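Please read the structure below before turning to the comments.
Scope of the values below: all heavy atoms of this structure, side chains included, with no hydrogens, waters or symmetry mates. Just so it is clear, the structure is predicted and the values come from calculations on it, not from any experiment. First listed ligand is number 1; within each ligand, the first listed atom is number 1. One-based numbering along the sequence shown.
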Amino acid sequence: MMPKVIAALLLISLATSLAADSLLFTNVRLVDVENASVSEPMPLAVRDGFIVAAGELGEAGRVVETSGYLIPGLAEMHAHVPQMRLGESLVHDTLVLYLAHGITTIRGMLGEPGHLTLRQQLASGEVIGPRLITSGPSFNGNSVSSAAAARDMVRAQAEAGYDLLKLHPGLWPEAFQAITETAEGLGIDYSGHISVAVGLDRTLASRQGSIDHLDGYGQKLVPEDHELYGTDPGLFAINLVSAMDESLIPELARRTVEAGIANVPTQSLIENWAAADVEALLARDGMRWIPVQTREQWRGAIENIRGRIPEGQGQRFVEIRRQLIGALHEAGATILLGADAPQIMSIPGDAIHHELEIYVESGMSPAEALATGTVNIARYLDQPAHGCLEPGCVADLVLLTDNPLEDIRHSRSIQGVMRAGRWFDRERLDELLDDIAERAAAGQ
Ligand SMILES: [Zn+2]
């Protein structure tokens, strides 16, 4: 072990050499999402990527004169990083979109080997964007042919260094069990969908980390004596909406709490698909960042999905899901913020703010909604230096003009974003966003 004195000297010399990487916000109000309170205006100091006590800073390399509200950076727990083969600029633009909207951590839910390199480049600051947590390639009915194949695939992904395993539809119970046993043995998280043949009961009995899209719940809302019970559920159980009985929701919420499994609702995505006006979605301001050809693909894809939703059931589907989110929250189940961008009509970054609004409309306070993207994530990942605003916390921060506890829509009033101590003010963010809009309009 290194003698303490030498370690301390090393720390001091490191701090001195990085003095230029220090920054002081002069007059910020810190938003405490756990106590739903806001501090008096105070200075907040950052050095070498961490928050430090203001007295420890000495002379700041940079001073940000401000009177705004600081929240910890947000996380998007069901994000997608485009495949590298689609081109570096699309990948990099997507990452900047997340960051410019205050998202400093993303959990990429469909990884590939190139994303492991990207994770490193994001960590070192070589590529601009949020911190990346990445799954490996998907476990599904096609990629997993047997229990033995499932075990091999779990071992290979753990060895490759992926942060978690992504479960997709089509798994059989034997394969699911092989995944759970092998993953638990290796200590790697498995999260995502619930295959129809696996079902919510087996999942709640497992140690799956998160259930994404509220998958698997819709089937369990159909009473066993209903004629639709056990029939083809369709996309997220949309076929079963007419048979769903809301009185079954509280029991499912209670069982979720008991199982200790988190949910990543991605409700904004489903609302876009099921109920929103397609032309209004395409007319949103943020669409300027989406390549023109992608917008057209999205239009076609959503028309296809709409064709599969039973007549008049879209709005009811949305309402039942909102009740489920409210009940899960009320019962004390963990909700993690996630919107599934850039899936169809889901604009990276922008979608997270829509998702936050939906959580509030489903029964959370603004502080509780912000917790889903900050402290809940830190607890879920067991990373206590994230999602906080105290000395020792990673300096992933969002500076807002307006108080988000008064109105959750104020989470959009972003003056600047800090990622691991690196500061992007509004002007810099707008430059980056305008560049993206230019490429998107040119179809690049
Ligand atoms: Zn997804």
Identify whether NZ of Lys or CZ of Arg in R321 sits under 6.0 Å from the centre of the six-membered ring of F317 and within 45° of that ring's axis.
yes
Counting only protein N/O/S, how many atoms fall short of 2.8 Å from the Zn ion (ligand 1)?
3
Between R306 and E303, is there a salt bridge with N-O shorter than 4.0 Å?
no
Is it the case that atom CZ in R295 sees more than 12 heavy atoms from other parts of the structure closer than 6.0 Å?
yes
With sequence neighbours excluded, residues passing ring-ring contact (aromatic ring centres under 6.0 Å, His included) with W172:
none
Does the S346 side chain pair with the main chain of P342, one donor and one acceptor, at a distance under 3.5 Å?
no
Do other residues, nucleotides or ligands put more than 12 heavy atoms under 6.0 Å from D277 CG?
yes
